[in-house]
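Naming: A, B, ... by sequence-line order, numbering from 1 per chain.
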2 protein chains.
Amino acid sequence: MNDEAGIRKHIEEANNKALELMRLSRPILVDIKRAKDILPKMKKNSIFHAGPPIDWNRMCGPMRGAIVGTMIFEGFATSWNDALELIRKGGIDFSSNHDHDAVGPMAGVISPSLPILVVKDRSNGKTCYARFVENRVQFGLFDQESVKVLRYWSEKLSPPLGKAIRKSKGIDLKPMMARALHMGDELHNRPAAGTLLFASTILPHLLKVCSPNEVLEVTKYLSENDIFFLCMSMAACKAITKAAHGIQFSTIVTVMARNGTTFGIKVSGLGDDWFTGEANMIKGLYFPGYSHEDANPDIGDSAITETAGIGAFALAGSPAILALIGGSAEDAIKYTYEMRKITNSLNDTFTLPIINFQGTATGIDIRKVMRTGITPVIDTAIAHRHEGGGYIGAGLVRAPLDPFKNALHAYGRKYKLV
Amino acid sequence: MNDEAGIRKHIEEANNKALELMRLSRPILVDIKRAKDILPKMKKNSIFHAGPPIDWNRMCGPMRGAIVGTMIFEGFATSWNDALELIRKGGIDFSSNHDHDAVGPMAGVISPSLPILVVKDRSNGKTCYARFVENRVQFGLFDQESVKVLRYWSEKLSPPLGKAIRKSKGIDLKPMMARALHMGDELHNRPAAGTLLFASTILPHLLKVCSPNEVLEVTKYLSENDIFFLCMSMAACKAITKAAHGIQFSTIVTVMARNGTTFGIKVSGLGDDWFTGEANMIKGLYFPGYSHEDANPDIGDSAITETAGIGAFALAGSPAILALIGGSAEDAIKYTYEMRKITNSLNDTFTLPIINFQGTATGIDIRKVMRTGITPVIDTAIAHRHEGGGYIGAGLVRAPLDPFKNALHAYGRKYKLV
């Protein structure tokens with residue numbers, strides 16, 4: 001192929017198709033199940049994690065801490081040293097969440113017994129999965145107190161919530177997300193309205209199938225954990241971007257994910273390959289006693305929200321989040337407009353009242369990123385760089401340029417453009 | 001007194017005191033009771049209404065319709081003609097809500113058997129009251145279908161909700177309102193986040209004292225009526241402004257209310273007197289089939305929200321409301337800043353993330369209104385001008401200048417400044 005205008009038309013058509021599939025995507029929350037009962041390739045000794053694939057030796061502190069915490073939860077080990085021994089013997093089979101259509105916040109570790117959300121895309125029948133959100137193990141803590149959070153989720157919360165979700169015949173997430181965006185959420189670091197809307201929607205089903213104690217337990221948890229809806233937002237965004245994946249010639253990014261060491265992307269027209277670069281440091285606000293020195297580089301699958309056009313791409317609509325991540329309302333609006341330079345559409349579902357109900361910039365195009373040198377902006381929490389260090393702040397980070405550069409080179413090779 | 005600087009200092013001190021009392025005010029929702037059981041001066045044949053006092057002959061269509069609908073609910077009459085006969089015979093004792101520390105949305109009609117919210121100000125022990133919100137009778141409808149709404153509230157909703165509120169030992173409204181303002185509410189036309197937050201807060205108490213059916217009934221109602229929190233917002237704002245009332249020399253407005261014919265204000269330093277002018281027409285958006293021609297002038301006690309520094313004074317933080325009332329996000333921000341020209345402080349509790357967490361303009365000063373010619377902006381629903389016409393749109397309206405002019409003249413006379 002050397003007809004440049006012809007190629008360009010071909011790419012535009014492919015990207016339009018990918019964007020149309022994102023628009024049509026209709027993620028429905030259908031269940032909560034133990035990972036081993038629903039993830040086809042999860043083995044007894046599997047541990048899935050956030051970001052692109054990575055060996056134990058290259059993993060960052062919070063990822064290692066989260067893995068050990070989860071191994072203790074599973075009964076694979078009883079201590080840090082115990083866990084290390086098993087890992088060094090090759091006893092654990094590590095794998096990237098995204099390679100199994102799953103996502104997890106921060107370290108994002110998913111193990112066989114951990115309950116995960118199951119989201120089915122009504123537009124195409126595909127299923128995606130998400131780990132729930134908490135603020136301990138996923139930030140690298142692995143003490144007993146932290147592991148207890150996974151047990152609490154597994155034993156106390158998932159059973160009644162799962163019953164209610166099944167009773168509901170499925171919770172339609174996209175309209176709920178659209179509504180939350182009109183209520184000051186950006187659905188990544190701030191999903192507070194989403195959590196309230198979900199709580200309100202699930203309540204009649206909880207009341208139908210659960211005991212009064214179970215209802216109290218679940219609703220108390222939801223009212224005290226306003227970050228909860230993030231896992232639903234991530235699951236929905238995974239389904240939305242998955243819908244656009246696998247379109248020949250498309251240059252649209254369908255995955256952005258970080259393991260705390262590297263930042264990886266996948267591209268619609270480039271199959272299952274990861275394109276990676278070094279993860280950046282986050283600019284943000286720290287909890288008292290912590291500083292930039294303590295911070296791990298960017299980590300987590302939650303950048304799937306930006307990949308789907310929300311998160312920092314919707315920052316203009318969520319100025320309240322600035323109290324957590326820093327910056328001014330003017331900056332927030334600036335970022336929202338800036339992302340139009342590297343995307344191919346304005347979202348038809350996710351709109352922002354503050355920019356007069358225009359849609360968020362959606363569909364990151366690797367060509368536009370390389371042409372402008374502008375990389376996606378992401379808002380995120382900050383983990384301590386040491387295992388056991390925990391949650392220390394939140395802020396904004398840019399994706400590195402390398403993954404996009406590597407993807408564009410691979411694109412040139414695959415489609416014989418070079 | 002003729003020392004102008006001295007007088008000015010006196011006034012500033014009085015206004016600072018009034019504003020300090022607004023800041024200290026801490027309205028707690030403590031109960032729901034039938035009006036006759038809690039309003040000290042409500043008689044068997046009393047009907048209280050929104051806005052300044054007005055005779056039946058001068059009342060607008062929606063006010064008349066709402067009164068007749070409420071009389072049918074009470075069993076005072078069975079039809080329009082029946083009700084008219086009783087009214088013409090002097091059988092009904094009309095009175096203004098505000099003259100009883102009560103507020104009601106739109107026509108705002110309160111009758112003896114109607115359940116009302118009871119809010120106690122923890123800072124001063126004073127009690128205020130608010131009629132609940134619905135979208136039929138308060139807009140002047142009086143058919144059986146509409147009257148049924150009052151019966152439903154009275155028989156089905158108030159008893160369990162009242163039990164839960166009493167069980168809670170009181171719901172602290174100010175923090176809930178502050179949080180809702182960070183979630184895109186302006187707490188007048190858009191109290192959607194407030195309703196979700198209230199539902200989440202009251203739920204554990206509902207679960208403790210109500211039957212499963214009652215819990216379902218109440219929570220279903222709350223999830224389907226996202227305007228519900230307006231009555232709590234109004235009750236709280238009444239308590240906040242009441243706290244500032246009665247300070248000698250203060251020029252701060254403590255009441256703005258409309259009966260659909262006249263617009264009335266009260267001023268902290270001017271006792272119980274009303275100062276009135278003709279109510280303005282609203283600029284806004286109409287439901288299909290309706291236009292400006294069908295509209296009644298501005299009506300309702302809900303402008304108590306603007307009096308307390310929210311509603312249209314917080315419009316910048318609630319751009320989603322523009323889908324209902326019209327206008328651009330830029331206008332919304334402009335109004336929020338403009339109101340600083342006629343007020344004496346920025347609110348310490350009610351802050352807006354979009355203007356970098358600055359407080360809303362609070363404490364309207366009749367001197368500043370007269371000096372600038374700028375009158376308060378109010379967002380509001382629009383009622384059809386005929387009884388039985390109902391809810392036809394929503395928009396923005398300006399307070400007329402006359403009430404402020406009349407108040408300033410009265411101030412000059414009272415304090416011997418002229």
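- With a 4.5 Å cut-off on non-hydrogen atoms, A:Pro204 touches chain B through its backbone and its side chain both.
- Only the side chain of A:Ile333 comes within contact range of chain B, judged by heavy atoms closer than 4.5 Å.
- Both the backbone and the side chain of A:Ala193 come within less than 4.5 Å of a heavy atom of chain B.
- With a 4.5 angstrom heavy-atom cutoff, A:Leu203 touches chain B only via side-chain atoms.
- Only the backbone of A:Ala316 comes within less than 4.5 Å of a heavy atom of chain B; no side-chain atom from C-beta onward does.
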Pairs table: donor-acceptor atoms between chain A and chain B closer than 3.5 Å:
{"unit_1": "A:His182", "atom_1": "O", "unit_2": "B:Arg190", "atom_2": "NH2", "d": "3.2"}
{"unit_1": "A:Arg190", "atom_1": "NH2", "unit_2": "B:His182", "atom_2": "O", "d": "3.2"}
{"unit_1": "A:Ala329", "atom_1": "N", "unit_2": "B:Asn356", "atom_2": "OD1", "d": "2.8"}
{"unit_1": "A:Glu330", "atom_1": "OE1", "unit_2": "B:Asn356", "atom_2": "ND2", "d": "3.1"}
{"unit_1": "A:Asn356", "atom_1": "OD1", "unit_2": "B:Ala329", "atom_2": "N", "d": "2.8"}
{"unit_1": "A:Asn356", "atom_1": "ND2", "unit_2": "B:Glu330", "atom_2": "OE1", "d": "3.1"}

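- With respect to chain B, the highest number of heavy-atom pairs below 4.5 Å among A:Gly327, A:Gly184, A:Ala320 belongs to A:Ala320.
- For chain B, the nearby part of A:Leu207 is the side chain; its heavy atoms alone come within less than 4.5 Å.
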